[in-house]
Amino acid sequence: MARRPTPALPPLDWLRSFEAAARLSNFTAAAGELGLTQAAVSQHIRLLEERLKTRLFSRLARGVTLSPEGAAYLPHIQSAFATIGNSTAELFEPRAVQTVSIRVPISFALLVLVPALPDLAEALPRVQLDLVTIHRPTDYDLPGSALDIRFGNGSFPGREADRLTAERLVPVSSPALAGAADWTSLPLLLVAGAREMWAEWFAAAGLAGHPQRSHRFDSFVAAMEAATAGAGVLLGSRPLVDAALRRKTLVPLSNFELSSTSGHFLTRAPAARLTSAEQDFRQWLLRRLADLA
């Protein structure tokens with residue numbers, strides 16, 4: 001059976017006239033929208049019908065209506081125009097900068113997000129962050145952004161969570177204190193909340209320990225600054241302390257690391273509809289943290 005030859009692609013002007021006339025059910029209205037004369041639109045439609053060897057419209061006393069073939073053809077033409085328009089905008093039109101608001105613990109903000117901002121600017125040049133640092137758990141209850149970063153074991157009622165980090169705990173200090181014969185006798189720096197785990201670390205490491213409490217802090221980043229200044233030994237949370245370990249402003253005092261069930265999670269409400277910028281940021285952050293793991 002001989003195959004019916006495929007018609008050559010009609011000129012774009014003919015297709016534009018067809019789409020406008022079909023959508024508006026009127027050649028004159030289509031001409032006004034396209035900036036053409038009614039005669040030009042009518043000619044485009046006639047030439048298109050001759051090319052396709054198919055009647056696309058039924059002419060009425062007032063306006064036109066699509067034939068069954070024209071009605072079947074229209075959504076394909078509209079989809080093609082939408083694809084061309086979207087591709088043109090994506091590739092050539094300058095897009096507005098989009099802001100992603102996110103709540104985040106101050107330690108994670110300073111030690112993870114801030115150093116990653118140059119990479120974010122390169123990967124997502126039209127995304128800017130509005131960072132709101134969290135100091136108390138109740139701060140998360142305030143109305144605000146769709147996304148936030150939380151520290152915990154992954155169970156956050158009413159939130160969906162993507163794990164960003166898996167915490168490992170290791171004692172660290174400034175290089176000046178690292179030479180102590182028995183570091184366990186040095187002052188131990190404490191962090192309030194979920195990271196107050198010196199007793200658990202000593203038990204898991206099989207050490208008795210001599211916890212001489214020194215200063216207590218309400219944020220990990222403040223305790224880390226104290227450790228860097230030589231004020232005592234910090235139970236360092238990896239990967240938060242990894243950059244300091246690479247710079248050797250802090251050094252590990254033990255080879256034993258206690259793996260914790262806790263970590264940082266990117267969370268959102270299950271019903272939240274993320275903007276394209278929020279979706280792009282989420283994917284970038286997950287990739288970024290996976291690369292650093």
Side-chain angles (χ1 to χ4, degrees), residues 87 89-135 139-140 144-152 154 159-170 172-175 191 195 217-229 234 236-252 257 260 262-268 272-293:
S87 298
E90 180 72 21
L91 293 173
F92 301 109
E93 293 182 6
R95 287 175 289 171
V97 172
Q98 293 180 285
T99 298
V100 173
S101 297
I102 184 166
R103 298 180 186 183
V104 56
I106 188 169
S107 299
F108 192 90
L110 293 179
L111 300 173
V112 177
L113 282 185
V114 168
L117 289 180
D119 179 71
L120 175 66
E122 181 176 350
L124 301 174
R126 294 182 176 86
V127 171
Q128 63 184 17
L129 296 186
D130 180 6
L131 290 175
V132 179
T133 54
I134 296 299
H135 301 277
D139 291 341
Y140 288 112
S145 56
L147 295 173
D148 59 43
I149 293 174
R150 305 190 183 203
F151 180 80
R159 307 287 292 182
E160 292 182 353
D162 297 308
R163 180 180 281 275
L164 298 175
T165 67
E167 184 175 62
R168 308 187 311 277
L169 299 170
V170 60
V172 296
S173 75
S174 68
V191 181
R195 290 199 181 89
F217 304 86
D218 68 351
S219 74
F220 181 82
V221 71
M224 186 172 159
E225 284 297 312
T228 303
L234 173 67
S237 173
R238 302 192 66 184
L240 295 186
V241 298
D242 284 0
L245 294 177
R246 289 192 295 270
R247 294 192 302 267
K248 299 189 184 305
T249 54
L250 290 174
V251 295
E257 293 184 350
S260 169
S262 295
H264 290 91
F265 293 80
L266 181 65
T267 83
R268 63 195 184 280
R273 295 187 61 181
L274 301 183
T275 66
S276 60
E278 289 169 336
Q279 294 171 4
D280 290 344
F281 172 77
R282 174 177 173 269
Q283 293 300 322
W284 169 82
L285 187 59
L286 291 173
R287 289 194 303 269
R288 170 84 182 183
L289 272 296
D291 291 342
L292 295 180

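In what follows, every heavy atom counts, from backbone to side chain, and hydrogens, waters and symmetry copies are set aside. Since the model is a prediction, treat every value here as computed from it, not as a measurement.
- Not counting sequence neighbours, the partners of E257 by the salt bridge (Lys or Arg N to Asp or Glu O under 4.0 Å) test are R168, R238.
- In terms of heavy atoms, F108 sits closest to I149 at CE2-CD1, 3.5 Å.
- One distance of note links CD of E278 with OG1 of T99; it measures 10.5 Å at 0.5 Å rounding.
- Checked against side chain to side chain donor-acceptor pair (under 3.5 Å), T249 has no partners two or more places apart in sequence or in another chain.
- Taking each heavy atom of F265 and L164 in turn, the nearest pair found is C-CD1, 4.1 Å.
- When every heavy atom of M224 is checked against every heavy atom of A244, the shortest pair comes out as CE-CB, 3.5 Å.
- When the side chain to side chain donor-acceptor pair (under 3.5 Å) test is applied to E225, no partner is found at least two apart in sequence or on another chain.
- Here the CZ-CG distance, from R247 to D242, works out to 10.5 Å after rounding to the nearest 0.5 Å.
- Using a 4.5 Å heavy-atom threshold, the side chains of P105 and T133 count as separate.
- Annotation: salt bridge (Lys or Arg N to Asp or Glu O under 4.0 Å) contacts of D148 (sequence neighbours excluded): R150, R159.
- For A166, the side chain to side chain contact (heavy atoms under 4.5 Å, CB included) test picks out R163, with sequence neighbours left out.
- Partner L129 forms a side chain to side chain contact (heavy atoms under 4.5 Å, CB included) with one of V100, V114, V104 and no other, that one being V100.
- Minimum interatomic distance between R282 and L266 (heavy atoms only, all atoms of both residues): CG-CD2, 3.6 Å.
- Taking CD from E122 and CG from L124, the interatomic distance works out to 10.5 Å, rounded to the nearest 0.5 Å.
- Partners of E160 under the side chain to side chain donor-acceptor pair (under 3.5 Å) rule, at least two apart in sequence or in another chain, are R268.
- Scanning both residues, T267 and A161, for their nearest heavy atoms gives CG2-CB, 4.1 Å.
- Rounding to the nearest 0.5 Å gives a distance of 4.0 Å between CZ of F281 and CD1 of I102.
- For A123, the side chain to side chain contact (heavy atoms under 4.5 Å, CB included) partners at least two apart in sequence or on another chain are W284.
- Here the CG atom belonging to L113 is positioned 11.5 Å from the CG atom belonging to D119, to the nearest 0.5 angstrom.
- Using modelled atom types and a 3.5 Å distance limit, the side chains of E167 and S262 yield no donor-acceptor pair.
- For the pair S107 (side chain) and V221 (backbone), a donor-acceptor distance under 3.5 Å is present.
- Shown here are the side chain to side chain contact (heavy atoms under 4.5 Å, CB included) partners of P175, two or more places apart in sequence or in another chain: V251.
- T165 meets the side chain to side chain donor-acceptor pair (under 3.5 Å) test with H264; sequence neighbours excluded.
- Separation of atoms CG (L131) and CD1 (I106) is listed at 10.5 Å; rounding is to 0.5 Å.
- Residues that satisfy the side chain to side chain contact (heavy atoms under 4.5 Å, CB included) test with Q98, not counting sequence neighbours, are S276, A277.
- Taking each heavy atom of S174 and T228 in turn, the nearest pair found is CB-O, 3.6 Å.
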